[in-house]
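A short write-up of the structure that comes next.
Worth knowing before you read on, the calculation uses all heavy atoms, side chains too, and leaves out hydrogens, waters and symmetry mates.
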Amino acid sequence: MESGHDEQLTHLRSLAGELSSRGFAVQLLGTASQPSLKVTNPDTRELAERVLCRPAEDGSWCFWWPWQQPIGSAEDLAAVSGKIMTVLRS
């Protein structure tokens, strides 16, 4: 069984793969303490944002914006990727 930190990294890496396959630049940051994913629109480098992964109140893993707003379930990478791409669209 994975630890919470390991599971967090697994979800972030899965999202990174999904976003990379859609043409976005991704970088895993801060793996030792507070891991996050930096997502960048490759056409407009100024459009970048961090994405966090942590449990929601019900204990399910979710992706979050840094301003504490949930993006969506870690189980629905397509929906989460779509929301991130919408925010970072030029």
Side-chain angles (χ1 to χ4, degrees):
M1 184 171 190
E2 289 182 299
S3 73
H5 186 263
D6 290 342
E7 193 169 358
Q8 190 177 32
L9 289 173
T10 296
H11 290 306
L12 286 169
R13 287 181 180 124
S14 294
L15 181 60
E18 179 74 20
L19 289 164
S20 290
S21 74
R22 295 174 181 231
F24 277 69
V26 294
Q27 180 182 9
L28 189 60
L29 304 172
T31 57
S33 58
Q34 175 64 30
S36 64
L37 199 62
K38 180 180 178 185
V39 184
T40 305
N41 180 328
D43 297 327
T44 309
R45 292 276 195 213
E46 295 79 25
L47 294 175
E49 192 55 74
R50 282 182 41 232
V51 174
L52 308 168
C53 183
R54 61 184 167 95
E57 286 184 20
D58 67 1
S60 64
W61 284 94
C62 291
F63 294 106
W64 299 79
W65 296 113
W67 53 89
Q68 307 305 314
Q69 181 179 359
I71 304 169
S73 170
E75 301 301 318
D76 193 353
L77 293 178
V80 170
S81 295
K83 289 178 184 179
I84 293 169
M85 291 169 56
T86 298
V87 168
L88 298 180
R89 186 172 290 141
S90 55

Going through the checks in order, is the side-chain contact (heavy atoms from CB on, under 4.5 Å) test met by Leu15 and Cys53? CA-CA 10 Å; Leu15 181 60; Cys53 183; over 6 Å; no
Are any of the side-chain heavy atoms of His5 and Pro35 separated by less than 4.5 Å?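 Yes - at least one pair of side-chain heavy atoms lies under 4.5 Å apart.
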Pairs where residues 66-84 contributes a residue and the test side chain to side chain donor-acceptor pair (under 3.5 Å) is met, not counting sequence neighbours: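 Those involving residues 66-84 are Arg54-Gln68, Trp67-Gln69.
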Shortest non-hydrogen separation from Arg50 to Ser36 and the atoms involved: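 Scanning both residues completely, I find the closest heavy atoms to be NE-OG, 3.3 Å.
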Heavy-atom closest contact (Thr40 atom, Ala48 atom, distance):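 In this case the closest contact between Thr40 and Ala48 is OG1-CB, 3.6 Å.
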Show your working on side-chain contact (heavy atoms from CB on, under 4.5 Å) between Ile84 and Glu49 and close with a plain yes or no. CA-CA 9 Å; Ile84 293 169; Glu49 192 55 74; over 6 Å; no
For the pair His11 and Phe63, name the ring-plane relationship: parallel under 30°, tilted 30 to 60°, perpendicular over 60°.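 Taking Phe63 first and then His11, their aromatic rings stand perpendicular (interplane angle over 60°).
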Can you tell me how far apart SG (Cys62) and CD (Glu57) are? Round to the nearest 0.5 Å.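 One finds 10.5 Å between SG of Cys62 and CD of Glu57.
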Find the distance between CZ (Phe24) and CG (Asn41) and round it off to the nearest 0.5 Å.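 Reported to 0.5 Å precision, the distance equals 4.5 Å.
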Does one hydrophobic cluster hold both [X] and [Y], with members joined at side-chain heavy-atom distances below 4.5 Å?
X	Y	result
Leu77	Trp64	no
Leu52	Trp65	no
Trp61	Leu12	no
Val80	Leu9	yes

Out of Ile71, Leu29, Leu19, Val26, which one pairs with Val51 under the side chain to side chain contact (heavy atoms under 4.5 Å, CB included) rule?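 Of Ile71, Leu29, Leu19, Val26, side chain to side chain contact (heavy atoms under 4.5 Å, CB included) with Val51 is met by Ile71 alone.
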For Lys38, does its backbone N or O pair with a side-chain atom of Gln27 as donor and acceptor, under 3.5 Å?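 Answer holds: no.
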